[in-house]
Enquirer: 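One structure, as structure tokens, below. Some questions next.
Order of listing sets the numbers, starting from 1, for every ligand and every atom in it. Please read these numbers as outputs of a predicted model, since none were measured by experiment. Quick note: numbers below take in every heavy atom, side chains included, and nothing from hydrogens, waters or symmetry partners.
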Amino acid sequence: MAVDLLLGLQWGDEGKGKIVDVLTSKYDIIARFQGGPNAGHTLVFNGKKHVLHTIPSGIFHDKAINLVGNGVVIDPVIFKGELDKLEAQHVNYRKSLLISRKAHIILPTHRLLDAASEASKGKAKIGSTLKGIGPTYMDKTGRNGIRVGDLEMSDWKKRYRALADKHESMIAFYNVDVQYNLEELEAEFFKAVEVLKSITFIDSEEYIYQAQKSGKTILAEGAQGSLLDIDFGTYPFVTSSNTTAAGACTGLGVSPNKIGDVFGIFKAYTTRVGSGPFPTELFDDNGATMSRVGNEFGATTGRPRRCGWLDLVALKYACQVNGVTRLMMMKGDVLSGFKTLKICTAYNYKGDVIAHLPYNIEPENVQPIYTEFKGWNEDLTEMTEASQLPQELNAYIEFLEKELEIPVAIVSVGPDRKQTIFRD
Ligand code: GDP
Ligand code: IMO
Ligand code: MG
């Protein structure tokens with residue numbers, strides 16, 4: 001069976017966790033393929049909210065296998081925290097959770113390096129979640145990293161020490177104020193590593209290959225969003241992994257010709273957390289309403305998310321880069337009550353009107369050009385059928401479908417599992 005992908009098309013937090021949870025009953029395996037605990041994926045069901053950072057969003061279903069793929073970076077301390085929470089909910093993850101031996105480990109000093117790097121950048125800081133993501137991927141590509149499989153080797157602590165010592169000298173080199181007590185951090189880290197080692201480690205590319213061969217259904221769960229991709233995002237204000245479809249091939253060991261559906265997920269408006277350009281950002285009451293009604297605060301850091309109108313130019317770009325086959329529109333309910341809605345359909349780029357995403361979308365180069373839509377007043381949150389959706393919302397969706405030439409298969413009308421409308 002081909003592997004289906006679910007990816008964020010904006011700057012993250014599109015609602016990936018919710019939809020993966022909704023779709024899990026259709027899949028045998030849910031696999032994360034990149035990113036790490038910079039992700040915060042929220043699931044809501046039975047009146048309870050759950051936030052996952054490293055563990056795939058299928059974990060609350062009894063039958064699905066949840067795989068942390070080779071492309072993911074794992075912080076054992078955060079991972080242990082996630083397991084503790086699952087245990088408190090009586091979720092039996094022992095048999096359903098697997099970790100790739102080739103996934104890289106985030107060390108305490110990676111987190112410190114992240115903080116030092118950001119502090120040294122001053123105003124130009126990325127707005128990183130400070131989870132050590134960048135430094136860990138740097139060690140991966142620099143061929144210095146420690147992988148999950150290394151934890152099964154006898155000499156890994158020697159390698160750990162050498163790497164942590166090197167990191168300490170790098171932190172000193174930054175010459176910024178980063179306070180830490182490494183002894184304490186290491187005590188917590190080594191304890192968490194022992195917990196991590198109680199989970200089953202596998203050669204995941206072989207596992208995935210055999211699963212595909214035997215007809216198992218697999219859904220790959222993206223983290224972050226396409227505009228945070230290390231190659232195709234708004235560099236340098238991006239994360240350090242390929243968040244786009246190709247990342248699923250390298251992050252799981254799936255060949256490109258074995259990719260099936262690519263589900264592209266987006267909010268009916270746009271949000272961004274952290275620094276970087278955001279052409280349709282709003283600084284007025286409309287933005288404040290999106291933030292308040294949408295409860296736009298980061299699931300990992302609690303930071304307020306910047307809000308703005310939907311950017312179709314950027315969305316088109318993300319659909320192209322990913323080869324999206326079906327769209328999922330989230331948080332339509334948040335737009336109820338807006339008299340007029342706007343979608344950015346082109347940019348004014350240095351005096352020219354363009355409809356593609358240029359190299360640089362900083363405000364001095366790019367001003368959004370909007371098409372206006374009539375809003376709706378109906379509360380969507382109790383709706384369960386596509387036929388109940390207001391006509392104005394249908395017009396909004398149909399416009400996007402026509403422009404993107406991709407069907408909108410799901411409209412989400414609230415955070416709960418049940419607040420999900422299937423259109424096909
Ligand atoms: P992810 O990182 O893509 O999984 O998304 P996050 O969990 O970081 O952020 C999405 C937020 O929106 C969470 O608080 C969800 O509970 C919430 N959410 C998801 N879908 C909807 C929706 O359709 N309507 C509303 N109002 N909230 C939603
Ligand atoms: P999910 O999976 C939203 C952002 C950070 C920062 C930039 C780099 O929940 O959608 P990093 O910690 O990777 O060095 O941060 O990327 N960022 C996210 N924004 N959702 C996420 O994940 C994010 N993961 C990272 O805010 O701007
Ligand atoms: Mg999130």
Side-chain angles (χ1 to χ4, degrees), residues 6-22 32 34-45 48-54 56-57 72-73 75 106 110-111 113-115 117-118 121 125-138 221-230 233-241 243 265-278 290 292-306 328-336 379-381 383 410-421:
L6 185 139
L7 308 156
L9 299 179
Q10 297 162 317
W11 280 290
D13 302 331
E14 295 88 352
K16 299 174 290 294
K18 168 183 165 162
I19 295 298
V20 170
D21 172 59
V22 166
R32 273 278 304 270
Q34 48 68 233
N38 48 351
H41 293 182
T42 313
L43 286 64
V44 179
F45 53 87
K48 258 200 162 155
K49 177 173 138 174
H50 309 266
V51 180
L52 296 165
H53 300 288
T54 328
S57 300
V72 176
V73 291
D75 183 330
I106 302 176
H110 281 132
R111 263 185 283 147
L113 270 174
D114 217 354
S117 164
E118 283 284 77
K121 285 191 160 114
K125 71 173 185 189
I126 307 296
S128 164
T129 61
L130 302 180
K131 302 294 176 195
I133 304 297
T136 307
Y137 278 115
M138 279 165 71
E221 173 181 3
Q224 290 77 57
S226 303
L227 303 176
L228 289 170
D229 183 278
I230 182 72
T234 46
Y235 192 92
F237 301 102
V238 293
T239 191
S240 299
S241 64
T243 59
I265 178 163
F266 67 100
K267 280 179 187 164
Y269 48 101
T270 310
T271 65
R272 170 162 210 175
V273 62
S275 326
F278 179 176
M290 288 170 189
R292 178 175 45 81
V293 181
N295 193 23
E296 294 296 356
F297 295 91
T300 295
T301 59
R303 292 178 292 176
R305 296 176 184 140
R306 302 152 64 191
M328 295 164 176
M329 191 177 94
M330 312 300 286
K331 293 197 148 185
D333 55 298
V334 175
L335 296 184
S336 292
D379 175 7
L380 312 183
T381 57
M383 295 183 182
I410 285 179
V411 177
S412 173
V413 293
D416 196 277
R417 229 185 224 174
K418 288 189 189 140
Q419 292 171 302
T420 310
I421 296 177

Enquirer: What residue and atom, counting heavy atoms only, is the protein's closest point to atom 20 (N) of ligand 2, and at what distance?
Expert: Asp13 OD1, 3.0 Å
Enquirer: Could you tell me whether some N/O pair between Gly40 and ligand 2 is separated by less than 3.5 angstrom?
Expert: yes
Enquirer: Any idea which atoms of ligand 1 are less than 4.0 Å away from a heavy-atom of Gly17?
Expert: 4 (O)
Enquirer: Given Gly8, Gly35, Ser412, which has its nearest heavy atom closest to atom 23 (O) of ligand 1?
Expert: Ser412
Enquirer: Please say whether Lys16 places an N or O atom under 3.5 Å from an N or O atom belonging to ligand 2.
Expert: yes
Enquirer: Which bit of Val413 gets closer than 4.0 Å to ligand 1, counting heavy atoms only: side chain, backbone, both or neither?
Expert: backbone
Enquirer: Are Asp114 and Lys131 within salt-bridge range, i.e. N to O under 4.0 Å?
Expert: no
Enquirer: Under 3.5 Å, N or O to N or O, is Asn38 touching ligand 2 that way?
Expert: yes
Enquirer: Is there a nitrogen or oxygen of Arg303 sitting under 3.5 Å from a nitrogen or oxygen of ligand 2?
Expert: yes
Enquirer: Taking both backbone and side-chain atoms of Thr239, is any N or O found less than 3.5 Å from an N or O belonging to ligand 2?
Expert: yes
Enquirer: Distance from Leu380 atom CG to Ser336 atom OG, nearest 0.5 Å?
Expert: 3.5 Å
Enquirer: Near Met330, which atoms of ligand 1 are under 4.0 Å from a heavy atom of that residue?
Expert: 20 (N)
Enquirer: For ligand 2, does Val238 get within less than 4.0 Å through its side chain, its backbone, both, or neither, judged by non-hydrogen atoms?
Expert: backbone
Enquirer: Looking at Arg305 and Asp13, does any basic side-chain N land under 4.0 Å from a carboxylate oxygen?
Expert: yes
Enquirer: For ligand 1 and Ala299, I'd like to know whether there is a polar contact (N/O to N/O, distance under 3.5 Å).
Expert: no
Enquirer: Inspect the contact between Glu296 and Lys267 and indicate whether a charged nitrogen and a carboxylate oxygen are less than 4.0 angstrom apart.
Expert: yes
Enquirer: Report the part of Asp333 (side chain from C-beta onward, or backbone N, CA, C, O) that has a heavy atom under 4.0 Å from ligand 1; answer both or neither where that applies.
Expert: side chain
Enquirer: Say you draw a straight line from CG of Leu7 to OG1 of Thr243; how long is it, rounded to the nearest 0.5 Å?
Expert: 7.5 Å
Enquirer: What's the separation between atom CZ in Arg306 and atom CE in Met290, rounded to the nearest 0.5 Å?
Expert: 14.0 Å
Enquirer: Under 4.0 Å, heavy atoms only, figure out whether ligand 1 is touched by the backbone of Arg305, its side chain, both or neither.
Expert: side chain
Enquirer: So is there a nitrogen or oxygen of Gln224 less than 3.5 Å from a nitrogen or oxygen in ligand 2?
Expert: yes
Enquirer: Based purely on interatomic distance, does Leu130 place a nitrogen or oxygen under 3.5 Å from a nitrogen or oxygen of ligand 2?
Expert: no
